[in-house]
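Okay, so here's the structure we're looking at.
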Protein chains: 2
Amino acid sequence: MNSAPDILRTYKLKSTSTREEVLSLLLENDHALSHADLEREMTTDCDRVTLYRTLKTFQEKGLIHKVLDDNGLTKYAPCTACTKENHKHEHVHFKCEICGNTVCLENVQIPVMKLPNGFVAEEKNILITGICNICNKK
Amino acid sequence: MNSAPDILRTYKLKSTSTREEVLSLLLENDHALSHADLEREMTTDCDRVTLYRTLKTFQEKGLIHKVLDDNGLTKYAPCTACTKENHKHEHVHFKCEICGNTVCLENVQIPVMKLPNGFVAEEKNILITGICNICNKK
DNA sequence: CTGTGTGCAAACACTTTGCAGGTGT
DNA sequence: ACACCTGCAAAGTGTTTGCACACAG
């Protein structure tokens, strides 16, 4: 189990309280977090701008990835299935219409799809909307 | 083949030059258009706000649908596979990394995916990024 | 010590809202 | 005639940029 400081070191990023907390929050939560979510949950005082830059850096270095959303809001989740060298390019996300949470369905395989001639796929993202397991129990 | 005015009539929307041109542009183009794309291609003078409201109305009435995009920009495409009563909830889109165009792959079926217990899917969107047939020929 | 992370202010981009007036049916 | 579409102004929200200072390695 890697802690936030360990991961930062692995990716050659300086450890700061902001970075550690952002990364920890993303790792702890089972669903993707938006900039606003993070700002709300952070205990460390941190400028909005710093948060944007932190997320951008993490994304560029490959620690986290953007999560598709049906409205415009950008959410982020850690690249748990990716190693530093080998980046995974297939993501299945489920967004619950009730609680609004978006979770990564790590165990769902993307089936092979035959594309029309001439199209070459690089990355595949699936966004399924519906009702999640927690909201279905209520 | 339905023309823009016909479609507007079907959906009980008043015909105006703005609406006709927006709908025509969406129908003519094989790829999804953003608000900015439309604003650029419109010959009819039209306020930005009107364009936003037109797109919102079309979307609410079911003439067009939002197209997922990996960055935040919202794009729109006509619901060609949907009838007024029967709305299709599965979309496969392909975004080309070179030309930036996003096309609907109408012929690609979304395979059945087994979701974890408790999850119920309502709508499925797939966004595949890669290189499209046109850019591959160059 | 040095490169880079941070905070502040400001700009920028995208989208929505309110209201008065104009237009399609 | 009446509902509703449009334009203008303004505000709201999300994100980026420039610069000076602070801090981790």
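Note on naming: letters A, B, ... go to the chains in the order of the sequence lines (proteins, then strands), and numbering restarts at 1 for each one. The basis for the numbers below is simple: all heavy atoms, side chains too, and nothing from hydrogens, waters or symmetry mates. Everything quoted here is computed from the prediction, not taken from an experiment.
Using a 4.5 Å heavy-atom cutoff, the side chains of B:L55 and B:H35 are in contact. Side-chain contact between B:F94 and A:L115 is present, with heavy atoms from C-beta onward closer than 4.5 Å. Put simply, the side chain of A:L33 does not reach to within 4.5 Å of the side chain of A:Y76, judged on heavy atoms.
Following rounding to the nearest Å, B:E21 (CD) and D:dC5 (P) show an atom-to-atom distance of 18 Å. In this structure, A:N71 atom CG and D:dG12 atom P are separated by 20 Å, rounded to whole Å.
Listed by first and then second residue, the salt bridge (Lys or Arg N to Asp or Glu O under 4.0 Å) pairs involving residues 45-68 of chain A are A:E39-A:R48 (not counting sequence neighbours).
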Throw together a table of side-chain donor-acceptor distances under 3.5 angstrom for residues 124-135 of chain A, partners on residues two or more places apart or in other chains.
none

Determine all donor-acceptor pairs shorter than 3.5 Å in which one atom belongs to a side chain in residues 8-16 of chain A; sequence neighbours excluded.
| residue | atom | partner | partner atom | Å |
| --- | --- | --- | --- | --- |
| A:R9 | NH1 | A:D6 | OD1 | 3.3 |
| A:T10 | OG1 | A:D6 | O | 2.8 |
| A:S15 | OG | A:E20 | OE2 | 3.2 |
| A:T16 | OG1 | A:R19 | N | 3.2 |

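A donor-acceptor pair shorter than 3.5 Å cannot be found between the side chains of B:K75 and B:S34.
Here B:T74 lies in heavy-atom contact (under 4.0 Å) with sugar-phosphate atoms only.
Remark: the backbone N or O of B:T74 is not paired with any side-chain donor or acceptor of B:D69 at under 3.5 angstrom. The closest donor-acceptor contact from the side chain of A:E123 to the backbone of A:E90 lies at 3.5 Å or more, if one exists at all.
Counting 5' to 3', DNA chain C first comes under 4.0 angstrom of a heavy atom of chain B and last does so at the ends given by C:dC14 to C:dT25.
Within a heavy-atom distance below 4.0 Å of DNA chain D, the residues of residues 44-55 of chain A found are A:R48, A:V49, A:Y52, A:R53.
B:H89 and B:H65 have their aromatic ring centers separated by at least 6.0 angstrom.
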Kindly give the atom pairs (protein nitrogen or oxygen, nucleotide nitrogen or oxygen) under 3.5 Å for nucleotides 20-25 of chain D.
| residue | atom | partner | partner atom | Å |
| --- | --- | --- | --- | --- |
| D:dG25 | OP1 | A:S15 | N | 3.4 |

